[in-house]
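Worth saying up front: this structure is predicted, and the values here are computed from it rather than measured.
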Amino acid sequence: MSAGSLDDVAVVIPARNEADRIHATVTAATGLARVGLVVVVDDGSADATGAAARRAGAIVIRHGRNRGKAAAMQTGANAVSLVDQRERREHPRHLLFLDADLAESAAQAGPLADPVIAGTADMTIAVFATTVKLGGLGLVVGLSGAGIRRAVGWRPAQPLNGQRCLTRAAFEAARPLAPGWGVETALTIDLLRQGFRVTEVEVELAHRATGTGLRAQLHRAHQLADVARALAVRP
């Protein structure tokens, strides 16, 4: 990164069936300082997520079937790398991962990139200043937090928070990414074990609250299984 570069951050947004919010999320992310590129990975959506993201100005990559969050993150990072190579950038862009349902609040994500740009952190993890009431019992969060503490002696305030900024070097060091919803837990453990600097940043972001219906319960069950698998291979 050169000191004067004004486009040294790329936003990567994994998205599935978020047609109602993705346009607002992309628009807000595009307006962030130092962001020169927004990539949306449409992970097998059955709605118009991809079209809405494209209308908002994002580069859109589509998975023909749902491949999971980690795969979408990797696809997005690969797309950023290709753009960086095409532009013959001397230094790769940092990667700012955001959830698709942040909508207008994505405009508040800038502080996540600041420590990475300044060179004082290799990865930042968001701590939402305002939390929404969750429909679950916190089992997945508890498992992730306890597992990270057991592995590296530190527990993030919000261990499953997907809003993160990483240097390209940190991202590459964490590959291969843990599958599915275990990716955040594994990222934290793998990078800290390799000596990378990880810090938390409080931000005014907000996303859709999870419900209590069958679909929400199945989603949490999948999360729990993925986090458990990620921890099982990181004793």
Side-chain angles (χ1 to χ4, degrees), residues 1 7-19 21-32 34-45 47-87 89 91-103 106 109-110 112-113 116-117 122-126 160-188 190-191 205 207 226 230:
M1 178 186 71
D7 64 344
D8 44 14
V9 176
V11 175
V12 175
I13 305 175
R16 183 168 185 254
N17 297 333
E18 292 288 353
R21 291 198 174 201
I22 190 64
H23 190 283
T25 302
V26 170
T27 300
T30 302
L32 292 170
R34 309 293 284 262
V35 168
L37 182 66
V38 177
V39 175
V40 170
V41 180
D42 180 355
D43 191 28
S45 295
D47 64 6
T49 292
R54 195 173 289 108
R55 284 196 301 271
I59 294 173
V60 177
I61 312 294
R62 176 171 170 81
H63 290 166
R65 60 177 177 83
N66 178 234
R67 293 172 53 192
K69 186 172 186 181
M73 290 172 65
Q74 185 63 66
T75 294
N78 291 346
V80 172
S81 181
L82 289 173
V83 173
D84 285 349
Q85 291 173 34
R86 186 180 66 205
E87 295 177 353
R89 295 181 63 89
H91 300 285
R93 288 181 171 95
H94 305 308
L95 300 171
L96 175 58
F97 291 97
L98 298 178
D99 288 347
D101 64 352
L102 293 175
L112 277 172
V116 177
I117 292 170
D122 302 299
M123 180 174 76
T124 58
I125 304 173
L160 296 179
N161 203 309
Q163 320 331 296
R164 301 180 180 221
C165 189
L166 295 82
T167 64
R168 171 61 72 165
F171 182 83
E172 294 299 327
R175 294 180 61 191
L177 301 179
W181 301 104
V183 62
E184 289 91 2
T185 302
L187 271 174
T188 302
D190 292 347
L191 292 183
L205 297 174
H207 55 57
D226 286 350

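Residues L37 and D7 are not in side-chain contact: their nearest non-hydrogen atoms beyond the backbone lie 4.5 Å or more apart. When side chains are defined from C-beta on, L160 counts as touching T185, because their heavy atoms get closer than 4.5 Å. Within the 4.5 Å cutoff, the side chain of E184 has no heavy atoms near those of the N161 side chain. A 4.5 Å side-chain heavy-atom check between D8 and H91 finds every atom pair outside the cut-off.
Among D226, D43, D99, the one residue that satisfies the salt bridge (Lys or Arg N to Asp or Glu O under 4.0 Å) test with K69 is D99. When each of V116, V12, L166, L112 is paired with L96, the side chain to side chain contact (heavy atoms under 4.5 Å, CB included) condition holds for L112 and for no other.
One finds no salt bridge joining R21 and D101 here, because no Lys/Arg side-chain nitrogen approaches an Asp/Glu carboxylate oxygen to under 4.0 Å.
The main-chain N or O of A19 is found under 3.5 Å from a side-chain atom of D47 such that the two form a donor-acceptor pair. With hydrogens and angles ignored, the 3.5 Å screen pairs no side-chain donor or acceptor of T49 with any backbone N or O of R16. Within the 3.5 Å criterion, the main-chain N or O of R89 finds no donor-acceptor partner in the side chain of D84. Within the 3.5 Å criterion, the main-chain N or O of A77 finds a donor-acceptor partner in the side chain of R168.
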Could you walk me through whether L32 and V9 pass the side-chain contact (heavy atoms from CB on, under 4.5 Å) test, one step at a time?
CA-CA 9 Å; L32 292 170; V9 176; over 6 Å; no

Test side-chain contact (heavy atoms from CB on, under 4.5 Å) on R93 and V83 and set out the steps.
CA-CA 10 Å; R93 288 181 171 95; V83 173; 3.9 Å; yes

Please evaluate residues T25 and E18 with respect to the criterion side-chain contact (heavy atoms from CB on, under 4.5 Å), reporting the C-alpha separation (whole Å), side-chain torsions for both, the decisive distance (0.1 Å), and the verdict.
CA-CA 10 Å; T25 302; E18 292 288 353; over 6 Å; no

Do I125 and T188 pass the side-chain contact (heavy atoms from CB on, under 4.5 Å) test, and can you show the C-alpha distance, the side-chain angles, and the key distance before you say yes or no?
CA-CA 9 Å; I125 304 173; T188 302; 3.7 Å; yes

